[in-house]
Amino acid sequence: MTIRLQEVHPALVHLPIALVPIAIGADLAGRATGDRDLLEAGRRGMALAAAGAAVSAATGLIAQEEVNVHDSTMDMLITHRNINLAATVMTGLMALWRSKRDRPSVTYLGLGLAGIGALAYSAYLGGRLVYEFGVGVAPAGGQWREDAPALGAGHPGRFARDAATDLAHGVKHLAQELAKGKIVPWLTNGSDGTAQGATEAESPTAASSRA
């Protein structure tokens with residue numbers, strides 16, 4: 001069994017998606033009932049969610065360097081990525097705040113519910129990228145290269161080196177796009193709900209990373 005660079009992100013991203021609602025749900029129930037076990041579950045759950053979100057964010061930056069997107073699918077990918085990064089920062093801050101307190105505040109719970117909504121919308125965009133437009137799917141032309149290193153294929157060194165290179169390029173492209181004001185372009189560009197397929201052109205991120 002092998003897993004390629006672009007496949008690590010979807011394999012891990014479900015951890016924070018599941019843990020944030022569980023943690024907030026436990027805290028809501030614990031605050032309402034005074035159950036200390038539920039409150040402790042909420043505190044620990046948010047810490048685990050923050051750790052999972054950080055790993056998911058890093059692997060997402062790697063994955064974006066291994067897929068082909070174009071025009072509006074690029075906007076969708078950027079929006080998906082930036083919402084996830086914002087949620088990652090928020091989850092980390094919430095976990096830090098919650099680690100020092102026995103009970104969640106109303107503001108904390110409100111932020112948690114908002115975070116659940118943001119994660120749900122971002123997951124929806126991620127699903128559309130793959131299942132509707134074939135981003136990252138080899139038969140749909142959604143991969144940058146067919147020979148991306150695979151973990152477990154006997155070349156762990158190459159896998160680690162390419163992952164580090166992609167992560168560095170991903171951070172660089174994130175900074176460049178933010179500097180250009182590309183925060184949630186799928187929403188701000190007035191998308192009509194359609195997107196061009198991933199096969200029309202190489203991903204600008206992949207192309208620039210090879211330059």
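Small disclaimer: the values here were computed from a predicted structure and weren't measured.
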Original post:
How far apart are the C-alpha atoms of F133 and M76, what are their side-chain angles, what is the distance that settles it, and do they pass the side chain to side chain contact (heavy atoms under 4.5 Å, CB included) test?
Top reply: CA-CA 11 Å; F133 304 112; M76 188 184 289; 3.7 Å; yes

Heavy-atom closest pair (G45 atom, L19 atom, distance to 0.1 Å) is O-CB, 4.2 Å

### Query
So V135 and N68, side chain to side chain contact (heavy atoms under 4.5 Å, CB included) or not? Walk me through it.
CA-CA 6 Å; V135 172; N68 287 332; over 6 Å; no

Notebook entry, point to check: Within the side chain of R98, is there an N or O that forms a donor-acceptor pair under 3.5 Å with the backbone of G42?
Noted result: no

Discussion item. Would a single hydrophobic cluster contain both L113 and Y108, if residues Ile, Leu, Val, Met, Phe, Trp and Tyr are joined by side-chain heavy-atom contacts under 4.5 Å?
Written reply: yes

| T33 (side chain) donor-acceptor with A29 (main chain) under 3.5 angstrom | yes

Heavy-atom side-chain proximity of R128 to W186 below 4.5 angstrom: yes

Exercise. Are V89 and M94 linked, directly or through other ILVMFWY residues, by side chains that come within less than 4.5 angstrom of each other?
Worked result: no

To the nearest 0.5 Å, atom CH2 of W97 lies from atom CE of M46 at 11.0 Å

> Between E177 and K180, is there a salt bridge with N-O shorter than 4.0 Å?
Replying inline: no

In terms of heavy-atom contacts, P104 and L39 come closest through CD-CD2, 3.6 Å

Taking the side chain from T188 and the backbone from V184, do they hold a donor-acceptor pair closer than 3.5 Å? yes

In terms of hydrophobic clusters joined by side-chain contacts under 4.5 Å, are I17 and M90 together? no

Here the gap from I116 atom CD1 to L111 atom CG, rounded to the nearest 0.5 Å, amounts to 11.5 Å

Tightest non-hydrogen contact, residues L109 and R31, listed as CD1-CD, 3.7 Å

Hydrophobic cluster membership, with links at side-chain heavy-atom distances under 4.5 Å among I/L/V/M/F/W/Y: are V13 and V8 in one?
no

dist K182:NZ -> D75:CG (nearest 0.5 Å) comes out at 6.5 Å

Of all heavy-atom pairs linking A50 and G92, the shortest is CB-CA, 3.9 Å

Exactly one candidate in L77, I83, N82 meets side-chain contact (heavy atoms from CB on, under 4.5 Å) with T79; the answer is I83

Here the gap from L119 atom CG to S122 atom OG, rounded to the nearest 0.5 Å, amounts to 7.0 Å

Separation between CG (L85) and NE2 (H80), nearest 0.5 Å, reads 9.5 Å

CG (L167) and NZ (K172) are apart, to the nearest 0.5 Å, by 13.5 Å

Closest heavy-atom pair, L15 versus G52, reported as atoms and distance to 0.1 Å, is CD2-CA, 3.9 Å

Counting heavy atoms not belonging to R103, are there more than 12 under 6.0 Å from its CZ?
yes

Heavy-atom nearest pair, P16 first then L12, reads CD-O, 3.6 Å

Side-chain H-bond candidate by donor/acceptor type, H9 with Q64, under 3.5 Å:
no

